[in-house]
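Here is how names work: the chains are called A, B, and so on, in the same order as the sequence lines, proteins then strands, and each is numbered from 1. Scope of the values below: all heavy atoms of this structure, side chains included, with no hydrogens, waters or symmetry mates.
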Amino acid sequence: EEIVFGAALSLTGKLAKEGTLVKNGYELWKEAVNKKGGIKVGGKNYTVKIIYYDDESDPNRGAKLVEKLITVDKVKLILGPYGSESVFATSAITEKYGAIMVQGGAAADKLYTRNFKNLFGIYTVATEYMDDIIELTKGKSPKSETVAIVYSNDLFSTEVAKGAKRSAEKNGLKVVFYQDYPKGTQDLSTVIVQIKGKNPDIILGCGHFQDTIVMVKQLKDYKVNPKVLGFSVGPTLPDFVNSLKGDAENIFGSAQWTMTLKYKDPVFGSNQEFVKAYKAKYKEDPNYHSAGGTAAAVIFQRAIEKAGSIDDIAKIRAALSSFNEETLYGKIKFDSTGKVTGKGMAVVQIIGGTQKTVFPDYVAETKPIYPKPQWK
Amino acid sequence: MKDKKIILFFLFLAVLIFLPYIVSGYWLRVLTQTFLFASIATGSNIIIGFTGYPAFGNIAFFGVGAYVTGVMTTTYNVPFLVTLPFCALSGFVLAGILGIPILRLKGHYFAIATVGIMETIKEIVDNMVETTGGGMGLTLPIMVGEPEFIYKYFYYVMMLCMLLSVLICYIISRIKIGYALRAIRVDEDAASVMGINTPLYKTLAWAVSAALVGIAGGIYAYWLSYIDPHTVFGGTYPVKMFAMILLGGATTVTGPLIGAFILEIISELVWSKFIAIHGMVLGLLIICIILFIPKGIFETFKGGFSFRKLLNNLRENSL
Amino acid sequence: MVLLQVIINGLLLGGFYALIGIGFSLVWGVTNIINLAHGAIALLGAYLTYYLFVSIQLDPFLSIPLSFVSIFLFGYMLQRFVMNLVVKAQIFILLILTFGLEIFLVNFMTTFFSADFRSVTPSYAGESLVIGEIVIPYIRLAVFFVCVIFAIAMGLFLDKTWTGKAIKATSLDIEAAMMSGINPAKIYAITFGLGSAIAGVSGTLLTLTQAFSPSIAGGLTLRAFIVSILGGLGRIEGALLGGLILGVVETLSSYLIGESYKNAIAFGLMVLVLVLKPSGLMGRKYYAEVKH
Amino acid sequence: MVLLEAKNVAKSYGGLKVLTDLNFHVNSGEIVGVIGPNGAGKTTFMNLVSCLSPITSGTITYKGIRLNDKKPHEIAKLGIARTFQVVKPFGGLSVLENVMVGAFYGKRNLKSKAEARDAAEEAISIVGLLDVKDKDPRILPLAKRKKLEVARALAMKPDLLLLDEVMAGLSMKELEDITEEILKLKQKGITMLVIEHVMKAIMKISDRILVLHLGQKIFEGTPKEVVEEPAVIQAYLGAKFAEKGK
Amino acid sequence: MALLDIKELSTGYGDLQILRNINIEIEKGEIVALLGSNGAGKTTLMRTIVGLNRIWKGDVFMDGQRLTNASSTKIVSSGVSIVPEGRRLFAGMTVTENLEMGAYCNRKNIKEKIERIFDFMPRLRERKNHLAGDLSGGEQQMCAIGRALMNEPKILLIDEFSLGLAPTIVDSLVEIVHRINQEGVSVFIVEQDVQLVLDMSVRAYVMEIGEITLSGASKDLMNDPKVKEAYLGM
Ligand SMILES: Nc1ncnc2c1ncn2[C@@H]1O[C@H](COP(=O)(O)OP(=O)(O)OP(=O)(O)O)[C@@H](O)[C@H]1O
Ligand SMILES: Nc1ncnc2c1ncn2[C@@H]1O[C@H](COP(=O)(O)OP(=O)(O)OP(=O)(O)O)[C@@H](O)[C@H]1O
Ligand SMILES: [Mg+2]
Ligand SMILES: [Mg+2]
């Protein structure tokens with residue numbers, strides 16, 4: 001017999017890249033589970049099937065497609081899409097229909113302020129994104145005292161920046177520059193010239209891959225040399241090094257997950273096993289998007305197994321609410337709003353052309369390079 | 001002939017009214033979305049088709065309507081239906097004010113100016129973080145009730161919005177003003193020396209257009225319950241709207257509506273069939289529509305369908 | 001000093017905007033086609049450059065001629081065999097056609113080149129000319145000069161050559177052009193080819209300063225819009241001026257008012273120019289009028 | 001009674017002076033012809049009267065009302081109708097609908113469709129376009145489009161009718177018909193200002209003729225005086241014409 | 001064989017046939033008139049000759065070369081020029097540029113040719129740097145004639161020759177037409193002033209509702225009672 005999940009993801013449009021990665025994560029999980037005979041509920045084995053739709057990176061379409069999943073395909077187990085806007089729109093639909101969603105693709109805090117009962121997210125929320133990079137600089141010498149924060153004016157990045165600011169201030173750093181810029185901007189020269197005037201020790205960019213690349217290039221152009229240069233999105237993606245070559249060196253990034261984390265996992269055995277399986281299937285390294293997809297699905301599966309039912313949403317919800325297990329994504333627990341707690345972020349740094357996990361210490365592969373050397 | 005058309009229209013209406021009791025929630029949503037586009041296209045057609053001013057950025061008023069409803073329901077707890085007249089009003093007033101300088105432009109220039117306005121409003125909304133939530137978007141209160149009920153509710157509300165647009169277009173096309181607008185479309189100098197107060201009528205046409213689109217925006221916001229500037233201002237909406245108007249025929253009352261139905265339903269079918277390549281297929285589809293039926297379905301197949309007509313069209317429009 | 005730096009940044013950026021705008025403005029002015037696929041075509045040039053760089057380490061500046069020629073051929077064929085089939089229809093029909101084309105191209109690129117963001121970083125990236133406190137990145141400076149050269153060359157081409165004049169004549173009245181012995185199908189194809197080729201070159205240059213993926217096509221087209229409008233149609237120098245103004249206005253406004261307002265100000269400026277001077281700052285009378 | 005009066009009217013485009021210091025008037029019930037070499041400024045003057053382009057200096061008054069700062073539609077409401085030298089039919093509307101626009105607006109300002117249709121049909125029958133009233137004017141031959149221009153103007157029920165080269169391109173026969181109609185309209189009390197190069201016709205219908213040259217009035221007088229005036233012959237009519245005229 | 005030879009030509013717009021089996025021959029160095037009431041199809045014929053309308057049936061020969069449905073470029077290069085109805089100047093280009101465009105298919109001695117045209121029509125010289133779109137109606141007609149002459153055609157088609165022109169200008173244009181005709185250029189002319197055109201031409205065709213109903217020497221036609229009645233208003 002089959003157990004059917006549904007997912008409306010961005011397979012085309014501006015989020016096509018991330019959407020596809022999340023889908024890869026789901027697919028890998030599906031294969032792994034089915035190879036083992038499927039999900040075991042009440043002594044029966046259910047083969048996993050996932051129905052996919054493409055929301056074209058349009059949240060409204062996403063909502064429509066989730067509605068299709070629920071009403072036409074009769075699926076109530078929804079795997080989340082990628083992107084906060086999409087999760088926003090689609091989770092409103094699952095909530096209305098009493099379907100349930102586990103998502104590993106959105107980190108906005110606002111998602112959990114709506115009193116939804118049926119939404120669970122495994123990403124560390126945006127406002128906590130930069131905490132660990134800031135944490136990392138503590139007690140290092142020469143001491144960092146000032147920080148500049150720039151962010152793209154979208155939901156996710158704004159929250160990341162807010163959190164970064166709060167965290168910086170909490171850690172006694174002085175925020176000397178705090179400014180947003182339009183999403184997907186093609187030029188940041190003015191911002192960078194202004195930052196240069198402030199000469200901050202730490203520069204934190206909260207944006208997306210495109211603007212991160214522009215920012216790195218222009219920081220080098222204008223010879224701005226902070227002790228720490230960190231981004232919320234970018235350094236964790238393999239394209240970062242491909243695009244920037246040597247200029248990517250020593251840049252920090254925060255990661256929901258990295259390949260080198262040493263966690264156990266109920267489906268794959270461990271994070272390392274997951275990475276191996278992923279590489280075998282897709283001939284490339286997994287990143288936190290795909291791993292998030294896989295992890296969300298794993299957690300969903302475990303909750304269903306615990307609930308002992310494939311269609312009693314209340315039971316599954318209860319199982320998720322009381323969830324407490326180690327997975328490839330870390331030790332997962334949810335608070336009453338459905339957001340993951342205490343998972344934390346990993347910090348990576350580009351060293352010798354590859355990402356190395358450098359923080360927190362108990363998962364670090366090597367020590368961080370601090371301060372960042374000047375541009376070549 | 002005319003009677004037949006009217007009967008057909010009412011028949012179509014009757015089907016729409018009973019449909020919610022037959023089809024699934026998903027298809028209801030597809031239809032609601034279709035109504036949404038039909039409202040936007042029909043409403044915009046007053047300025048675009050009737051008056052000949054290609055208000056490409058008319059979606060601006062859709063966004064404004066959406067935010068009016070959004071802000072009113074969240075910040076001031078105003079009931080949803082009460083916000084709709086305000087959506088209309090805000091579109092009307094805004095277009096009325098902007099129309100005076102902008103409607104001096106013609107053709108492409110006007111089209112671009114409206115896009116400029118749309119983008120400007122979007123950026124302003126994006127930056128008014130206090131009231132609109134800026135780029136973080138705005139979460140509207142979710143309507144209470146059974147999903148079944150909610151979806152029928154929006155289905156009918158959106159349908160009424162569409163019918164209102166069609167009705168207003170119909171009235172305009174029948175009365176004196178309709179003649180003025182059509183005259184303006186072709187030649188403004190000639191229209192003005194014949195006694196038509198062209199700035200007034202143009203502005204009026206745009207304002208009415210904007211009001212209708214504004215209402216659609218208001219309903220959309222409450223329906224989707226989450227809005228952000230990037231989705232309600234622009235995206236693919238303007239082009240889709242234009243494609244619908246052209247597909248159905250810009251000079252007719254029901255053309256845009258028919259265009260909306262055809263395009264939405266076709267793309268829906270295409271979407272579900274060709275998951276990986278649907279974008280390419282959709283692009284090719286639009287190209288083919290343009291190549292073979294550039295005058296819109298109405299004009300082209302007035303006297304029945306034939307392949308020769310398609311070829312003739314191709315020959316007539318090519319160099 | 002910072003202000004001066006900001007203005008220089010604006011000019012350098014403006015050079016790039018101008019180049020994006022020139023091809024667009026050329027096509028619009030002549031064929032009356034607002035080419036919504038302009039940005040997507042530019043990206044074709046960007047991908048060509050990217051793959052040449054990755055596979056044979058060809059310097060982006062050296063791939064300019066290759067982009068130019070190959071994208072010219074692409075544009076030429078496209079116009080000759082697709083667009084020319086509808087050029088006599090209503091102008092807004094063409095708009096939708098190019099939209100279909102844009103959807104097609106973007107999805108094509110996503111399918112075959114993936115949705116990943118790409119960028120090219122040659123070894124000399126990040127080198128800058130430093131004069132006192134002013135920093136001028138070499139790459140941006142070079143991009144700027146390439147853009148200016150193209151603008152001037154196109155301007156001369158249009159005003160001085162027979163083909164250029166035929167392009168203008170065709171834009172004003174196709175039938176009259178035919179009666180003078182001009183073959184409008186060919187002229188349109190050349191124009192579209194040139195417009196595309198210049199877009200392709202701007203795509204090539206884009207790889208050096210930015211990250212790109214198929215999804216940024218629309219944003220590029222929008223810039224081209226603003227540039228053409230600011231400068232006005234019927235005159236290539238207009239696009240150059242429009243680009244420079246846009247660049248400077250963006251950087252200045254983000255310096256003086258705030259980075260996040262720069263788009264609003266750019267669009268606001270465009271609307272303002274349209275209202276005050278409907279034909280753009282340098283637009284010529286009678287070009288790109290809507291004919292019924 | 002003076003219906004239309006131009007005082008010291010001048011018009012220039014940029015630096016180009018198109019009309020200079022023009023003084024003249026049109027009496028109620030009169031037909032005044034305007035002739036002059038190409039580019040003399042005849043159409044320009046008409047554009048000034050209908051307020052399509054602003055007067056550079058001087059004043060034009062109509063029934064004692066100053067027209068300088070009016071809008072074209074206000075002019076129409078005052079009872080002035082005009083045709084265009086380069087015809088401007090409303091394509092996409094049938095001939096009848098074209099003329100109905102005139103009846104709806106203009107001085108008449110009809111409200112109901114039925115009334116407008118009747119008025120339009122009357123105007124159409126005057127110019128003799130009844131047989132093509134349901135056609136799209138874009139496909140009509142030039143002469144019929146010119147007639148449509150006249151019909152539209154007539155449907156506005158004007159007191160003053162400005163005709164800009166409506167006879168150009170008409171065959172001899174049609175020319176006769178239209179001059180007849182114009183004279184009939186005069187009988188009905190419509191005052192007319194007629195620009196024309198077809199001398200045969202203009203001589204026949206005009207009470208007075210105004211001759212413009214290089215933006216200035218070079219002569220004003222009865223048709224008979226005009227054809228004998230050496231200045232006019234030199235600038236406009238040509239020696240051959242003078243011979244033929246004799 | 002005649003210079004321009006039109007054989008059994010039929011054409012129309014869309015599904016609507018306008019011209020039926022038209023036969024016209026124009027010899028080298030002839031001035032030939034085409035008469036016809038409004039809507040007879042004269043303009044349609046002119047447009048068809050220069051390749052703007054598709055020929056449904058029949059043939060057009062120029063100098064023995066078959067030009068049926070050839071491209072306008074080919075037709076114009078073979079020595080056909082047209083002064084179209086409605087002038088159709090390039091509004092956004094100057095008078096001089098318009099004249100240059102006329103020489104697109106014949107780029108020899110452009111400067112001299114332009115000078116010659118300015119000598120023919122001095123008014124154009126005064127306006128040479130103005131945009132064609134800003135010219136008065138009559139000035140535009142002159143410019144259109146000038147543009148057609150720039151091609152140094154073997155045959156000049158003129159649609160609505162005197163339309164909107166002042167009598168003096170008409171006189172001088174008639175003279176110009178005679179002058180170029182003496183240089184061996186054939187002229188095929190559509191004109192409403194039948195008296196004028198019959199005086200100018202050697203032969204004439206009369207077209208009615210898309211068919212040639214009468215043809216012959218202009219002198220004879222002038223005395224033909226039918227022509228007298230229909231076109232000369234006698
Ligand atoms: N918009 C304009 N810009 C510049 N010059 C103009 C403009 N309109 C007209 N002119 C010039 O003004 C002069 C007078 O033009 P107008 O149209 O009044 O002449 P006209 O007497 O009606 O001649 P015609 O008998 O040939 O129609 C012409 O020389 C023309 O070039
Ligand atoms: N584009 C068109 N589509 C359909 N019919 C047309 C079109 N153009 C012209 N016609 C029709 O073709 C017929 C011939 O028109 P044409 O312009 O050739 O006449 P003409 O003899 O030149 O008249 P005129 O003396 O008024 O210039 C007319 O009945 C006209 O209505
Ligand atoms: Mg005139
Ligand atoms: Mg004709």
Side-chain angles (χ1 to χ4, degrees), chain D residues 13-14 16 18 35-44 84-87 131-132 135 138-147 164-165 167-177 179 195-200 202 211-214 227 232-242 244-245, chain E residues 12-14 16 18 35-44 85-87 121 123-124 126-127 129-131 133-143 159-175 190-196 199 227-234:
Chain D
Y13 290 106
L16 183 71
V18 178
I35 60 173
N38 297 114
K42 306 180 292 295
T43 303
T44 305
F84 287 95
Q85 180 176 1
V86 180
V87 292
D131 54 330
V132 292
K135 289 248 161 64
R138 280 175 297 193
I139 65 158
L140 294 183
L142 184 67
K144 293 201 170 154
R145 278 181 279 160
K146 293 220 158 179
K147 288 181 182 168
D164 194 352
E165 298 201 22
M167 299 180 214
L170 295 196
S171 69
M172 220 43 84
K173 177 107 184 4
E174 288 166 318
L175 215 58
E176 267 165 31
D177 294 348
T179 43
I195 298 178
E196 206 56 70
H197 289 299
V198 183
M199 284 308 290
K200 224 184 255 172
I202 200 107
V211 188
L212 294 181
H213 182 37
L214 296 175
V227 286
V232 179
I233 292 175
Q234 212 245 327
Y236 182 67
L237 295 173
K240 251 196 221 153
F241 188 92
K244 256 193 272 168
Chain E
Y13 301 96
L16 181 70
I18 304 288
L35 312 181
S37 55
N38 274 293
K42 306 179 294 293
T43 300
T44 307
E85 187 182 83
R87 289 95 189 215
M121 297 171 278
R123 181 75 185 163
L124 287 183
E126 289 168 34
R127 286 273 175 275
N129 291 324
H130 285 243
L131 294 185
D134 288 347
L135 298 182
S136 84
E139 290 163 348
Q140 291 191 0
Q141 179 78 351
M142 294 183 228
C143 188
D159 198 353
E160 305 289 4
F161 172 66
S162 74
L163 187 86
L165 291 179
T168 36
I169 307 282
V170 175
D171 289 348
S172 60
L173 285 181
V174 169
E175 216 166 285
V190 170
E191 169 63 42
Q192 293 293 354
D193 189 339
V194 175
Q195 186 81 52
L196 175 83
D199 277 342
V227 175
K228 266 189 174 168
E229 216 230 277
Y231 300 105
L232 291 168
M234 287 183 219

Do you know which of E:L35, E:L165, E:V194 has the most heavy-atom pairs under 4.5 Å to chain D? E:L165
Just by modelled atom types, is the D:E165 backbone N or O under 3.5 Å from a matching donor or acceptor in the D:K146 side chain? yes
Can any side-chain N or O of D:N38 pair as donor or acceptor with the backbone N or O of E:G164 at less than 3.5 Å? yes
State, with a plain yes or no, whether a side-chain heavy atom of [X] is found less than 4.5 Å away from one of [Y].
X      : Y      : result
D:M167 : D:K200 : no
D:M199 : D:I35  : yes
E:R87  : E:L163 : yes

Check whether [X] gets within reach of chain E through its side chain, its backbone, both or neither, counting any heavy atom under 4.5 Å.
X      : answer
D:E196 : neither
D:I195 : neither
D:A235 : backbone

Where on [X] is there a heavy atom nearer than 4.5 Å to chain D: the side chain, the backbone, both, or neither?
X      : result
E:I169 : side chain
E:E85  : side chain
E:E160 : side chain

Spatial distance of atom CD (E:Q192) from atom CG (E:N38) [nearest 0.5 Å]: 5.5 Å
